[in-house]
Amino acid sequence: MARQYTLNRHAAPVGAGIDFAAELNPQQCAAVTAPPGPALVIAGAGSGKTRTLTYRVAYLIQNGVLPQNILLLTFTNKAAREMLDRVANLLPNDITGLWGGTFHSVGNRILRRHPELLGFAPGFSIMDREDQKDLLDSVLAGLGGAPKDKRFPKGEVLADVLSYSLNTGRSIETVLSEKYPHFLEFSELIEDAQKRYEKKKREANSVDFDDLLEKPLRLLQAHPAVAEAYQRQFQFILVDEYQDTNPLQADFIEILGAYHRNVMVVGDDAQSIYSWRGANFKNILDFPKRYANATVYKIETNYRSVPDILNVANAAIAANERQFKKQLVAVREEAPVKPGLIPLGDSNQQAAFVAQRVLDLREEGIELNEIAVLYRAHYHSMELQMELTRHGIPFQITSGLRFFEQAHVKDVAAFLKYVVNPRDEVAFKRMVRLLPGIGARSAEQIWSEVSRSLESARQATVPGEPSLDAAPEPVVVSDEAAGVPFGALLMPLKVPAKTRKAWEQLAHTLDEIAPGGKPSLPSEMISSVIEAVYDDYAKSEFSNYDQRREDLNTLANFARQYQNAGEFLDQLALLTSLDSEVSAADEDTEMLTLSSVHQAKGLEWRAVFVIWMNEGMFPSSRSLESEEAIEEERRLFYVAVTRARDELYLTYPHLRLNAGYGEMLQRPSRFLSEIPPQLLEEWQISGGF
């Protein structure tokens with residue numbers, strides 16, 4: 001029988017006492033001073049979640065728990081540093097022994113201590129995203145067969161497929177069926193690639209980012225003695241943003257906390273919005289089932305928003321069936337401005353309203369830095385970006401590049417630029433480099449041949465040099481003027497064998513969008529390029545194919561306003577140039593923020609606009625097929641509303657341009673109908689468009 005021996009509790013230094021009841025509200029204090037045992041803290045938006053976690057760590061240390069017996073898991077290094085700095089400022093104790101950091105950093109720390117147990121040598125490398133892509137491309141090069149198919153996923157996309165499979169615990173086939181159906185026919189080859197990739201990583205003594213979660217977990221599961229050492233060490237485990245954990249992370253927490261079971265997780269089920277990257281909403285809902293006798297604490301006092309905004313937020317999330325019910329309560333006083341509901345004619349009027357109202361708010365004393373426009377998807381911001389550019393309103397985009405700077409938009413625009421001006425060398429090279437087997441050098445060689453052919457065709461149509469006395473004629477260079485259709489120009493050229501089929505498709509596409517050398521309508525050209533050439537390229541090249549396709553559909557819709565391709569391209573160029581001028585402002589310039597709601601989580605502004613509150617836009621059309629997806633969209637709307645401190649504007653246009661269909665009537669979002677009318681002030685917009 002083992003001898004029982006009890007250590008004395010670690011005494012806190014004299015004068016280190018914190019009056020927790022005085023410094024925290026009653027709900028925060030209850031969570032911070034909770035007795036040992038599993039605990040779930042539901043911390044509503046703006047309720048002081050970070051403060052609660054920080055004081056919990058301080059409470060444990062002040063009550064004799066050694067720092068090295070505490071594990072604090074977060075999702076970002078910034079969050080970990082902020083919490084540890086705050087704890088250090090609260091206590092005179094030395095807390096350097098405390099294990100605090102992201103899941104990946106803690107996983108790396110454990111793996112570094114025991115690499116040989118998983119077949120790695122000490123000093124293994126951690127591959128970044130570019131390294132991972134290169135290694136996967138190397139794997140694909142050795143597979144043969146289907147990877148040569150232009151529809152087969154490239155290394156970067158394959159990395160996302162494998163990552164999602166690993167983090168969710170789903171098979172490759174299931175992941176392909178749910179998220180990448182266009183790759184389903186390659187399921188067996190992708191599974192083979194996954195095995196070869198694992199083998200290559202071991203040979204290179206390297207791990208990727210996902211391995212820093214999966215391999216430490218496997219280490220603990222396969223080696224009970226190692227697991228027990230860490231289980232005994234970590235007497236208290238605290239987890240931030242638990243609603244965002246995936247199955248790997250939940251299992252990692254559970255195995256580390258198996259001995260003491262003092263696991264406290266903090267999060268907000270109403271802000272679980274990352275299922276698309278593997279987060280499992282059920283982790284937070286099922287915590288009381290996973291940990292028997294867990295205590296649930298709710299922190300509902302909101303320090304961020306005025307009462308009217310919180311009333312909208314509470315109503316916005318109320319319809320969700322699967323949630324921990326809570327009611328945010330404001331500390332702040334009522335504001336003079338009620339949240340606004342703004343119906344508008346179309347997307348252009350919506351953009352005009354936002355731009356003008358932003359200028360009004362600036363005149364009223366709210367700086368641009370304190371204003372944000374939020375949307376469900378990046379392509380929703382296109383018309384607004386153009387309107388802000390025309391008004392000279394400086395803005396920053398946290399959801400991605402400015403619309404016309406995005407690679408896929410510039411790729412498709414290159415086709416139009418080339419048929420309008422066949423001497424556009426940059427457009428031609430960008431276009432042909434999308435084809436398999438063509439790099440910078442071969443693009444240069446092909447361009448030289450095309451240039452010579454164009455020059456020969458031009459000279460053949462010019463009978464002689466013009467008289468010096470003759471009035472100058474405007475020079476318009478086009479294949480129509482040269483009498484050479486694009487197909488006839490390109491087909492005879494020599495290209496690599498692997499490129500030939502795609503080259504012929506390119507020639508046919510150029511003939512289709514510019515028959516006889518005459519460009520068609522811009523919107524029709526864009527649609528043809530997408531369907532004939534670019535769609536397959538985008539599927540294999542971009543992991544976020546669906547989002548990029550939406551961008552291109554929006555570009556085609558925008559192009560419907562123009563009957564002339566040259567005029568359309570001029571507008572794009574002018575807007576891009578104006579964008580650059582606005583972006584060139586110095587760092588002290590105020591900037592309006594444009595952001596997707598996902599990117600805005602954790603941030604706040606005095607005034608927030610949520611645009612495109614239409615059915616099929618927010619909630620997104622892809623979410624309409626399941627109630628589970630609709631509930632996540634509703635949580636996303638809740639996140640958007642709770643970003644606002646003082647003023648909130650919800651806008652929706654009645655009409656939307658749709659390529660091929662003209663103007664289509666749009667229904668207001670179902671989320672708007674779930675908010676009692678008395679909580680919103682409806683605006684009637686007149687003038688403008």
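The analysis underlying the following values was restricted to heavy atoms, covering all of them including side chains, and did not include hydrogens, waters or symmetry mates. The chain is numbered in sequence order, starting from 1.
The cationic group of Arg645 does not satisfy the cation-pi geometry with Trp605, failing either the under 6.0 Å distance to the six-membered ring centre or the 45° limit from the ring axis. Cation-pi check for Lys179 over Tyr164 is met; the charged atom lies under 6.0 angstrom from the ring centroid and within 45 degrees of its normal. Remark: Arg202 is not positioned above the aromatic ring of Phe124, lacking an NZ or CZ atom under 6.0 angstrom from the ring centre and at most 45 degrees off the axis. Taking the centre and axis of the six-membered ring of Tyr274, the NZ or CZ atom of Arg277 falls inside the cone set by 45° and 6.0 Å.
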Verdict with reasoning, Gln599 to Thr398, per side chain to side chain donor-acceptor pair (under 3.5 Å): CA-CA 7 Å; Gln599 293 291 332; Thr398 63; 5.3 Å; no
Full working for ring-ring contact (aromatic ring centres under 6.0 Å, His included) between Phe287 and Tyr291: CA-CA 6 Å; Phe287 184 88; Tyr291 294 86; 4.5 Å; yes
Step-by-step side-chain contact (heavy atoms from CB on, under 4.5 Å) determination, Leu162 to Leu136: CA-CA 11 Å; Leu162 301 185; Leu136 281 167; 4.0 Å; yes
Tyr649/Arg357 under side chain to side chain donor-acceptor pair (under 3.5 Å): CA gap, chis, key distance, verdict: CA-CA 10 Å; Tyr649 302 89; Arg357 186 62 189 145; 3.0 Å; yes
Verdict with reasoning, His378 to His380, per side-chain contact (heavy atoms from CB on, under 4.5 Å): CA-CA 5 Å; His378 185 46; His380 293 175; over 6 Å; no
Steps toward side-chain contact (heavy atoms from CB on, under 4.5 Å) verdict (Phe234, Tyr230): CA-CA 6 Å; Phe234 298 132; Tyr230 288 106; 3.9 Å; yes
Intermediate values then yes/no, side-chain contact (heavy atoms from CB on, under 4.5 Å), Leu91 and Ile18: CA-CA 8 Å; Leu91 297 171; Ile18 298 172; 4.0 Å; yes
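The distance from the CD atom of Glu82 to the OG1 atom of Thr54 is 7.0 Å, given to the nearest 0.5 Å. In this structure, CZ on Arg170 lies 5.0 Å from OG1 on Thr168, to the nearest 0.5 angstrom. Atom CG in Asp269 sits 8.5 Å away from atom CG in Leu40 (nearest 0.5 Å). For the atom pair NE2 of His114 and CG of Leu219, the computed distance is 6.0 Å after rounding to the nearest 0.5 Å. A distance of 5.5 Å separates CH2 of Trp99 from CD of Gln233, quoted to the nearest 0.5 Å. A distance of 6.5 Å separates CG in Asn246 from CG in Leu213, rounded to the nearest 0.5 Å.
Contact check on Asp286 versus Lys282 returns no salt bridge, with no Lys/Arg side-chain nitrogen under 4.0 Å from an Asp/Glu carboxylate oxygen. Using a cutoff of 4.0 Å between basic side-chain nitrogens and carboxylate oxygens, Asp240 and Lys49 are scored as salt-bridged.
Glu647 places no side-chain N or O within 3.5 Å of a backbone atom of Val337 that could act as its donor or acceptor partner. With Gln323 contributing its side chain and Ile317 its backbone, the two residues share a donor-acceptor pair below 3.5 Å. Remark: side-chain polar atoms of Asn320 are not paired, donor with acceptor, to backbone N or O of Arg322 under 3.5 angstrom. In this structure a side-chain-to-backbone donor-acceptor pair under 3.5 Å is present from Asn262 to Gln235. The backbone N or O of Ser47 lies less than 3.5 Å from a partner atom in the side chain of Gln28, making a donor-acceptor pair. Of the possible polar contacts, none joining the Arg362 side chain to the Glu367 backbone as a donor-acceptor pair under 3.5 Å is found. Formation of a donor-acceptor pair under 3.5 Å by the Glu633 side chain with backbone atoms of Ser620 is found in this model. For the pair Lys298 (side chain) and Lys325 (backbone), a donor-acceptor distance under 3.5 Å is present. At least one donor-acceptor pair under 3.5 Å links the side chain of Thr642 to the backbone N or O of Val639. In this structure, Arg56 contributes its side chain and Ala34 its backbone to a donor-acceptor pair below 3.5 Å.
Side-chain atoms of Tyr638 and Asp268, non-hydrogen and from C-beta on, do get closer than 4.5 Å to each other. Side-chain contact between His598 and Trp276 is present, with heavy atoms from C-beta onward closer than 4.5 Å. The shortest side-chain heavy-atom distance between Val296 and Pro288 falls under the 4.5 Å cut-off. With contacts defined as side-chain heavy-atom distances shorter than 4.5 Å, the pair Val373/Val610 does not qualify. Side-chain contact between Phe637 and Leu374 is absent, with no heavy-atom pair separated by less than 4.5 Å. With a 4.5 Å cut-off on side-chain heavy atoms, Ile255 and Gln221 count as touching. With contacts defined as side-chain heavy-atom distances shorter than 4.5 Å, the pair Val263/Phe236 does not qualify.
When all heavy atoms of Ala644 and Ser305 are compared, the pair lying nearest together is O-OG, 2.6 Å. In this structure, Asp137 and Gly155 approach most closely via the heavy-atom pair OD1-N, 3.0 Å. Shortest non-hydrogen contact noted between Glu590 and Asn369 is CA-OD1, 3.4 Å. Here the closest non-hydrogen pair linking Thr33 and Tyr59 is CG2-CE1, 3.6 Å. Between Pro247 and Gly278, the shortest heavy-atom contact is CD-O, 3.7 Å. Residues Arg304 and Asn302 share a closest heavy-atom pair of N-OD1, 2.8 Å.
Here Tyr180 pairs with nothing under the ring-ring contact (aromatic ring centres under 6.0 Å, His included) rule; sequence neighbours left out. For Ala330, the side chain to side chain contact (heavy atoms under 4.5 Å, CB included) criterion is met by Pro307, Leu310, not counting sequence neighbours.
Counted within 6.0 Å of CD on Gln68, heavy atoms from surrounding residues, nucleotides or ligands total more than 12; the atom is thus considered enclosed. Within a 6.0 Å radius of CZ in Phe209, no more than 12 heavy atoms belonging to other residues, nucleotides or ligands are found. Taking a 6.0 Å sphere around NZ of Lys410, one finds it holds 12 or fewer heavy atoms contributed by other residues, nucleotides or ligands. For Glu333, the CD atom is loosely surrounded, since the number of other residues' heavy atoms within 6.0 Å does not exceed 12.
Between the side chains of Gln27 and Tyr297, no donor-acceptor pair is found at a separation under 3.5 Å. Between the side chains of Tyr545 and Gln547, no donor-acceptor pair is found at a separation under 3.5 Å. Between the side chains of Asn77 and Arg81, no donor N or O sits under 3.5 Å from an acceptor N or O.
Paired with Phe103 under the rule side chain to side chain contact (heavy atoms under 4.5 Å, CB included), one option of Thr245, Leu217, Asn108, Thr74 passes, and it is Thr245. For the side chain to side chain contact (heavy atoms under 4.5 Å, CB included) with Leu98, the lone residue among Leu84, Asn93, Val65 that qualifies is Leu84.
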